[in-house]
Amino acid sequence: MRMKLREAIVSAAAMLLSYGSALLLEHLAGLNLDVVVLAVVLAISLGRRNRVGAGPRSRLLALVVLAAVSVAAGEVGRLMVDHPNVGDALFTLVPALAIWVRRFGVRSAAAGTLVTMPFIAVLVTPLPLPPGPGAPWWGAAVAVIVFCWVTLVAEVADRTGFTSRVVAEPPAAGDAGAAGAARPRASTRMALQMGVAMGVAFAVGRTFYPDHWTWVVLTAFIVGSGNRGRGDVIYKGLLRVAGAAASTAAATALTAAFGPGDRASVALILAILAVATWLRTFNYAYWAAGVTAALALLYGYFGQGGPGLIRDRLGGILVGAAIAIAASWLVLPVSSSQVLRRRAADVLAVLKELLAAPPGEVASLQVRFRHALARVEQVARPLELHRRLLRRGSGAAHPADAVTVIRGCTEAVDRLGTDHAARAELALARAELARVLRATRPPSPAARI
């Protein structure tokens, strides 16, 4: 918990430095506040993803890609105002392609995530701002500034021992559920789901929420992105709605305390985002609540508020979440339990190697186990909730049982190499995990979520 808090402090410091630099740039160059919004969005996103070690070449490539995409996002944002149909269609392609490229490995997946960041800033900006001088190219300058601040702050924190650099994750073993020719890869299915969800969200938002359609589109993207199966999407959708509903009342009261253009509300926005970044490690609902509150204050800063806006905001969030959930369940669905089983199988493979490894290879395999465990934890919560709702005291196996087994052997993995009893414990845990995976193989009813 202490390390998570420290990492959140580092991310908050990078965000504040990026915000200050973008604000100065906006003042000196006569730009609009959209560059400031872009800086904050990029700083938050990069801060969460910059904890994994990368070589100078990879960082330089990421910087070039981010700068170029920031320019492209600015141009697409302008098209969304001047030529909505063209702009919306281009925007819809971006997150779908970012998911599709996951099939090519970890680096491609990271690049896809990087590409979507500037486009989210386009949705977050509360109203179309008139372009400043050379506005699209200033987006590249902001991207460079933010990237440098995030990298510098992270390096200082690591070198001083305030935080510790995460070792780069080894490549994952392909798509979960990437079966034969009769069924597309999981990355293809999820990309199609995102494309359909975004397309429908644009159409519904433009038609029924013409002044605030971005809430529908933004929610559909947030709920559908990071898709780890249909169970995961419905879980995130419910948390998004719950977090938004809880924060809307509080944000409404806070907005009333600040007038349009009040700089104090900006300070509060940054504070809320910093705290939400930390709380996100405990539950996604905190992040959803924090983002909704921050956006409500941002709208208030631009003079937009009142009961009508609150109604539109909640309605847009509900509709956007429903669209993302429907797409994940109706468009070539991916089962969350299958995603979990694939990731648990990766853990099983690491355990097998650990049991046969000589002492000199144990440390690297322990790191691999930690990465495999983290991937299991990403999809664990919705399945554990499903287990509680479906089975009360029943002895039937459930995919979430694999999570319990994997967590239970974590201590033995850490002790391996210094405690002879740990090897026997791991052998038992591996056998139990293999049994659970066999017992929950489809078409088990519990696996079909």
Note to self: Applying side chain to side chain contact (heavy atoms under 4.5 Å, CB included), can you list everything that pairs with Ala380, at least two apart in sequence or on another chain?
What the structure shows: Glu377, Glu384, Val403, Arg407

Checklist line | Closest contact, heavy atoms only, Val122 versus Gly77 | finding: CG1-CA, 3.8 Å

Item checked: From Thr277 atom OG1 to Ile272 atom CD1, the distance as rounded to the nearest 0.5 Å -> 11.5 Å

Next item on the list: Check salt bridge (Lys or Arg N to Asp or Glu O under 4.0 Å) between Arg430 and all other residues, then give those that pass, not counting sequence neighbours.
Entry: none

Margin query: Taking side chain to side chain contact (heavy atoms under 4.5 Å, CB included) as the definition, give me every residue that meets it alongside Leu365, ordered by chain and number, with sequence neighbours left out.
Written below: Glu353, Leu354, Ala357, Arg368

Note to self: For Gln378, is the CD atom crowded, meaning more than 12 foreign heavy atoms sit under 6.0 Å from it?
What the structure shows: yes

Notebook entry, point to check: Got a second to check how far Arg103's CZ is from Thr188's OG1, nearest 0.5 Å?
Noted result: 3.5 Å

Next item on the list: Output the distance between atom OG (Ser70) and atom CZ (Phe147), rounded to the nearest 0.5 Å.
Entry: 11.5 Å

Check: Looking only at atom types and distance, does a side-chain atom of Ser336 sit under 3.5 Å from a main-chain N or O of Arg228, one as donor and one as acceptor?
Finding: yes

Next item on the list: Could you name each residue pair satisfying side-chain hydrogen bond (donor to acceptor under 3.5 Å, both in side chains) that touches residues 256-269, not counting sequence neighbours?
Entry: none

Note to self: Test: ring-ring contact (aromatic ring centres under 6.0 Å, His included). Region: residues 215-243. Which pairs qualify, not counting sequence neighbours?
What the structure shows: Trp215-Tyr299

Next item on the list: May I have all residue pairs that pass salt bridge (Lys or Arg N to Asp or Glu O under 4.0 Å) and include part of residues 85-98, sequence neighbours excluded?
Entry: Asp88-Arg206

Next item on the list: Walk me through it: do Asn227 and Gln193 pass the test side-chain hydrogen bond (donor to acceptor under 3.5 Å, both in side chains)?
Entry: CA-CA 9 Å; Asn227 183 340; Gln193 291 169 13; 2.8 Å; yes

Next item on the list: To the nearest 0.5 angstrom, please state how far the OG atom of Ser45 sits from the CD1 atom of Ile120.
Entry: 8.0 Å

Next item on the list: Answer whether the closest heavy-atom distance between the side chains of Asp401 and Arg387 falls below 4.5 Å.
Entry: yes

Next item on the list: Answer whether the closest heavy-atom distance between the side chains of Leu114 and Val69 falls below 4.5 Å.
Entry: no

Check: Under the side chain to side chain contact (heavy atoms under 4.5 Å, CB included) test, which residues partner Leu79, sequence neighbours left out?
Finding: His83, Val86, Leu90

Margin query: How long is the straight-line distance from CG of Leu426 back to CG of Leu433, given to the nearest 0.5 Å?
Written below: 11.5 Å

Notebook entry, point to check: Is any side-chain heavy atom of Val436 less than 4.5 Å from a side-chain heavy atom of His398?
Noted result: no

Margin query: Taking side chain to side chain contact (heavy atoms under 4.5 Å, CB included) as the definition, give me every residue that meets it alongside Thr160, ordered by chain and number, with sequence neighbours left out.
Written below: Val156, Phe162

Check: So does Tyr286 have more than 12 non-hydrogen atoms from other groups sitting under 6.0 Å from OH?
Finding: no

Item checked: Side chain to side chain, Met194 and Leu93, heavy atoms closer than 4.5 Å -> no

Notebook entry, point to check: Any side-chain heavy atom of Ser18 sitting closer than 4.5 Å to one from Ile145?
Noted result: no

Note to self: Once side chain to side chain donor-acceptor pair (under 3.5 Å) is applied, do any residues pair with Asp232, and if so which ones, sequence neighbours excluded?
What the structure shows: none

Check: Any side-chain heavy atom of Val413 sitting closer than 4.5 Å to one from Glu425?
Finding: no

Check: Of all residues at least two apart in sequence or in a different chain, which pass the ring pair (Phe, Tyr, Trp, His ring centres under 6.0 Å) check with Tyr209?
Finding: none

Notebook entry, point to check: What's the spacing between Leu239 CG and Arg381 CZ if we round to 0.5 Å?
Noted result: 8.5 Å

Item checked: Side chain to side chain, Leu279 and Phe282, heavy atoms closer than 4.5 Å -> yes

Next item on the list: Answer yes or no: is there a side-chain heavy-atom contact under 4.5 Å between Pro118 and Leu66?
Entry: yes

Margin query: Is it true that Arg240 and Thr292 share a donor-acceptor pair across their side chains at a distance under 3.5 Å?
Written below: yes

Check: Taking the six-membered ring for Trp, are Trp213 and Phe202 parallel (under 30°), tilted (30 to 60°) or perpendicular (over 60°)?
Finding: tilted

Check: With Phe208, which residues qualify under ring pair (Phe, Tyr, Trp, His ring centres under 6.0 Å), at least two apart?
Finding: none

Checklist line | Any donor-acceptor N/O pair, Lys236 side chain to Ser225 backbone, under 3.5 Å | finding: yes

Margin query: So, using salt bridge (Lys or Arg N to Asp or Glu O under 4.0 Å) as the criterion, who are the partners of Glu432 when residues are at least two apart?
Written below: Arg435

